[in-house]
Each structure stands twice: as structure tokens, then as C-alpha cells.
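This structure is a prediction, so every number in the text was calculated from the model and none was measured. Residue numbering restarts at 1 for every chain, and letters A, B, ... go by the order of the sequence lines.
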Amino acid sequence: MVEADDVLSLASQIPKGSVSTYRLLAEALGRKTFARFVGMALSRNPNPVKVPCHRIVRSDGHVGGYKLGVVKKIRLLREEGVEVKSGMIAEFKKHLFKKFITR
DNA sequence: CCTGGGGCAGCCG
DNA sequence: ACGGCTGCCCCAG
């Protein structure tokens, strides 16, 4: 059974300056159809300090949504060194983190 | 480019 | 507790 906490646990593994995707988290959970649920789980638990939800974007490199406002999400990413242009992550692949520790 | 359907844990009535 | 709808999405058409 996959729970919201599993999502948060994976999300917190993303290092500063990197980004990952809803899809990758879903796959790390072993359920590639969970992308939507991943977003909801992050939204449900707004813990900006422990869980950097702003580092999670859509699989096509588009920024995606953010409970506290997309504008804020973009600002946070920029502060960490990830440039966002026209709603897209610049050099998406370069910043992409996908080595999640699962168990 | 836009549209629709899928998937399922949570939220809300 | 019960059922229906939703959601920080994804992909095929």
C-alpha cells in the first residue's frame, strides 16, 4: 500500500539545485499511474522545510502546479540555481534527479 | 496544439 | 462509516 508519507519521503531526497518529476516519484513507488496522487499527497502536506515540493515538476519539464502559487515555486527554484523560462525548467535533463533510494 | 480518459488515495458531504 | 468527486498528472489520439 502506498501512502502520502511514502511520497514525502522520496521528495525529501531531492538535493538542492535539482528537480524531479511526479512521474519518477510514482515509478519509485512502483506505481507509474500514481503521478496524480503524488501531486495530491504533496499538496495535502505543505511542509516546505522538510519536504521541498517545489523541486518536483512535470515529466515534460513544465513547472506544473504548486499549492502556494506557481510564482513562489519558480522563485524558490531560481534561488537554488534552477532557471525557469516560460514556465519550463531550463536545462531540464541536467537538473533532473532520479536516483531515489527505495525499499 | 487541444481533448479525453485513466488511475486511486484522500477529502468532504 | 459510506459513496462520490477531486487532484501540484500523463499519455494517446
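Near-neighbour residues of DNA chain C inside residues 20-29 of chain A, defined by a heavy atom below 4.0 Å, number-ordered: A/Y22, A/R23.
Among A/K73, A/M88, A/K85, the one residue that satisfies the side chain to side chain contact (heavy atoms under 4.5 Å, CB included) test with A/V63 is A/K73.
As rounded to whole Å, 18 Å separates atom P of C/dC10 from atom CZ of A/R31. Atom NZ in A/K67 sits about 12 Å away from atom P in C/dC9, given to the nearest Å. Separating the CZ atom of A/R55 from the C1' atom of C/dC8 is a distance of 16 Å, rounded to the nearest angstrom. Rounded to an integer number of Å, the gap from A/D60 CG to C/dC10 C1' is 9 Å. Atom P of nucleotide C/dC8 and atom CG of A/L76 are separated by 17 Å, given to the nearest angstrom.
Between the side chain of A/H54 and the backbone N or O of A/I74, no donor-acceptor pair lies under 3.5 Å.
Counting heavy atoms from C-beta outward, A/I89 and A/L77 have side chains that approach closer than 4.5 Å. Looking at A/Y66 and A/L42, their side chains never come closer than 4.5 Å, going by heavy atoms from C-beta outward.
Shortest non-hydrogen contact noted between A/V51 and A/A11 is CG1-CB, 3.8 Å. Of all heavy-atom pairs spanning A/S59 and A/F92, the tightest one is O-CE2, 3.6 Å. The shortest non-hydrogen separation linking A/S20 to A/L96 is CA-CD1, 3.8 Å.
Every residue meeting the salt bridge (Lys or Arg N to Asp or Glu O under 4.0 Å) condition with A/E91, not counting sequence neighbours, appears here in chain and number order: A/K94. Residues passing the salt bridge (Lys or Arg N to Asp or Glu O under 4.0 Å) test with A/R58, sequence neighbours excluded: A/D60.
Using a cut-off of 4.0 Å between Lys/Arg side-chain N and Asp/Glu carboxylate O, A/E79 and A/R75 are scored as not salt-bridged.
The list of ring pair (Phe, Tyr, Trp, His ring centres under 6.0 Å) pairs with a residue in residues 24-45 of chain A, not counting sequence neighbours, reads A/F34-A/F37.
Scanning DNA chain B for stems, defined as runs of 3 or more consecutive Watson-Crick or G-U wobble pairs whose donor-acceptor distances all fall under 3.5 Å, gives the following ranges: B:2-6 with C:9-13, B:8-13 with C:2-7.
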Provide a list of protein-nucleic acid N or O atom pairs under 3.5 angstrom, restricted to nucleotides 8-13 of chain B.
unit_1, atom_1, unit_2, atom_2, d
B/dC11, OP1, A/R44, NE, 3.3
B/dC11, OP1, A/R44, NH1, 3.2

